[in-house]
Novice: 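Pasting in a structure now, in structure tokens, and then I'll have a few things to ask.
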Amino acid sequence: MTDPNPDALPADRALVVATAPAVARDALHTLFALDLRLAAIVRAAREPMIGQMRLAWWHDALGRLDGADAPAEPLLQAVQAHLVPAGIRGDALAALIDGWEALIAADTLDDAALMRHAESRGAGLFVLLGRVLGTDSPLLAPAGRGWAFADLAGHLSVERAAADAAALARAQWSQAFSKRWPRPLRVIGLLSLVSYLDDRGGSPFANALRTTRFRIDGR
């Protein structure tokens, strides 16, 4: 697989890419890399307006890919090379930015801001991951929201907001794993399941059994 950009993936996302069908790996890698780039912009934003300006640049640049060639920016070129041929439009990728902008624009991270983040970043990302794999499911959106809430909870320094995000994640997971997952999408569902198991605790052996069962029967 070619490395579409220099952003190294975290271990959980690297595992998704490695275990996905070979034909989809570059596209999956690029989606995760874009998510990481947007997260880095938000983390580095000392002034909200500066962060919003950088996100706005990416929003416009992704949207323009629907009608023009990518500029000399490696990640945008990877998007054009690997995601556009997979049927992922630039405006759909630009929509992911709304969730990151919510973290900067909100005066306080209340439930509405947290949900906006999880909806655009998490549900949006998981639906696009499913599209790359050629399959859709109503389970993707709650799994993505749960994953996004949990990931955000682990990065928030405000204890109240972190606790709220964790609670919202659990509510989404109860929906995401209420039914059997289609086989082609289990590699994506596993990403959210691992977050769920980390939150729940339990022994490594029990968690390994659960992930193995999920791979086999989707529950």
Side-chain angles (χ1 to χ4, degrees), residues 9-21 24-25 27-29 31-32 34-36 38-39 88 92 95-96 98-100 102-103 109 111-156 161-219:
L9 299 183
D12 57 349
R13 276 146 277 187
L15 180 62
V16 171
V17 173
T19 55
R25 289 175 190 167
L28 296 176
H29 188 289
L31 275 171
F32 285 132
L34 176 61
D35 179 69
L36 289 174
L38 299 176
I88 308 299
L96 300 175
D98 293 342
W100 291 106
L103 300 182
L109 287 181
D111 283 0
L114 293 173
M115 182 58 77
R116 181 182 166 196
H117 171 73
E119 183 65 35
S120 294
R121 186 232 179 164
L125 178 64
F126 272 49
V127 168
L128 292 179
L129 292 169
R131 194 172 301 169
V132 167
L133 295 176
T135 307
D136 192 16
S137 168
L139 301 175
L140 284 169
R145 287 190 291 264
W147 173 79
F149 279 133
D151 187 62
L152 181 62
H155 288 88
L156 290 175
D164 288 346
L168 289 166
R170 295 177 194 117
Q172 295 299 318
W173 284 324
S174 68
Q175 300 176 44
F177 300 110
S178 62
K179 296 180 181 179
R180 190 181 307 277
W181 276 68
R183 185 175 297 278
L185 296 179
R186 290 174 195 172
V187 65
I188 301 173
L190 190 63
L191 182 63
S192 193
L193 179 63
V194 168
S195 294
Y196 163 70
L197 294 174
D198 286 344
D199 174 77
R200 192 183 65 172
S203 70
F205 179 72
N207 290 346
L209 286 179
R210 177 64 189 277
T211 56
T212 299
R213 189 184 78 180
F214 182 80
R215 288 175 182 271
I216 294 172
D217 67 9
R219 295 295 294 267

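Numbering starts at 1 and runs along the sequence shown.
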Novice: Measuring from atom CZ of Arg116 to atom CG of Asp111, what distance do you get when rounded to the nearest 0.5 angstrom?
Specialist: 15.0 Å
Novice: Considering all heavy atoms of both residues, which atom of Leu133 and which atom of Val187 are nearest to each other, and what is their separation?
Specialist: CD1-CG1, 3.8 Å
Novice: Between CZ of Arg215 and CG of Leu193, what distance do you get to the nearest 0.5 Å?
Specialist: 10.0 Å
Novice: Rounded to the nearest 0.5 Å, how far does CE of Met115 lie from CG of Leu168?
Specialist: 5.5 Å
Novice: Could you give the distance from OG1 (Thr212) to CD1 (Ile216), rounded to the nearest 0.5 Å?
Specialist: 6.5 Å
Novice: Any side-chain heavy-atom pair from Val16 and Leu9 closer than 4.5 angstrom?
Specialist: no
Novice: Which atoms form the tightest heavy-atom contact between Gln175 and Pro142, and what is the distance?
Specialist: CB-CB, 3.9 Å
Novice: Which heavy-atom pair separates Ala150 from Ser195 by the least distance, and what is that distance?
Specialist: CB-CB, 4.2 Å
Novice: When rounded to the nearest 0.5 angstrom, what distance separates CG in Leu28 from CD1 in Ile188?
Specialist: 6.5 Å
Novice: Considering non-hydrogen atoms only, spot the tightest contact between Ala24 and Val132 and give its length.
Specialist: CB-CG1, 3.8 Å
Novice: Is Leu15 close to Val194 at the side-chain level, that is, under 4.5 Å between some pair of heavy atoms?
Specialist: no
Novice: Where the side chain of Arg219 meets the backbone of Arg213, is there a donor-acceptor pair that is under 3.5 Å apart?
Specialist: no
Novice: Between the side chain of Arg121 and the main-chain N/O of Trp100, is any donor-acceptor distance below 3.5 Å?
Specialist: no
Novice: Please report the closest heavy-atom contact between Ala141 and Ala123, naming both atoms and the distance.
Specialist: O-CB, 3.7 Å
Novice: What closest approach, in Å, do Ala165 and Ala153 show between heavy atoms, and which atom pair accounts for it?
Specialist: CB-CB, 3.9 Å
Novice: Nearest 0.5 Å, please: how far is CG in Leu185 from CG in Leu139?
Specialist: 8.5 Å
Novice: Would you say Ser192's side chain and Gly189's backbone share a donor-acceptor pair under 3.5 angstrom?
Specialist: no
Novice: Could you check Leu191, Asp151, Asp198 and say which one makes a side-chain contact (heavy atoms from CB on, under 4.5 Å) with Asp12?
Specialist: Leu191
Novice: Is any side-chain heavy atom of Asp35 less than 4.5 Å from a side-chain heavy atom of Leu96?
Specialist: no
Novice: Relative to the ring of Phe126, is the ring of Trp147 parallel (under 30°), tilted (30 to 60°) or perpendicular (over 60°)?
Specialist: tilted
Novice: Specify whether Tyr196 and Trp173 have parallel, tilted or perpendicular ring planes, treating 30° as the upper limit for parallel and 60° as the lower limit for perpendicular.
Specialist: perpendicular
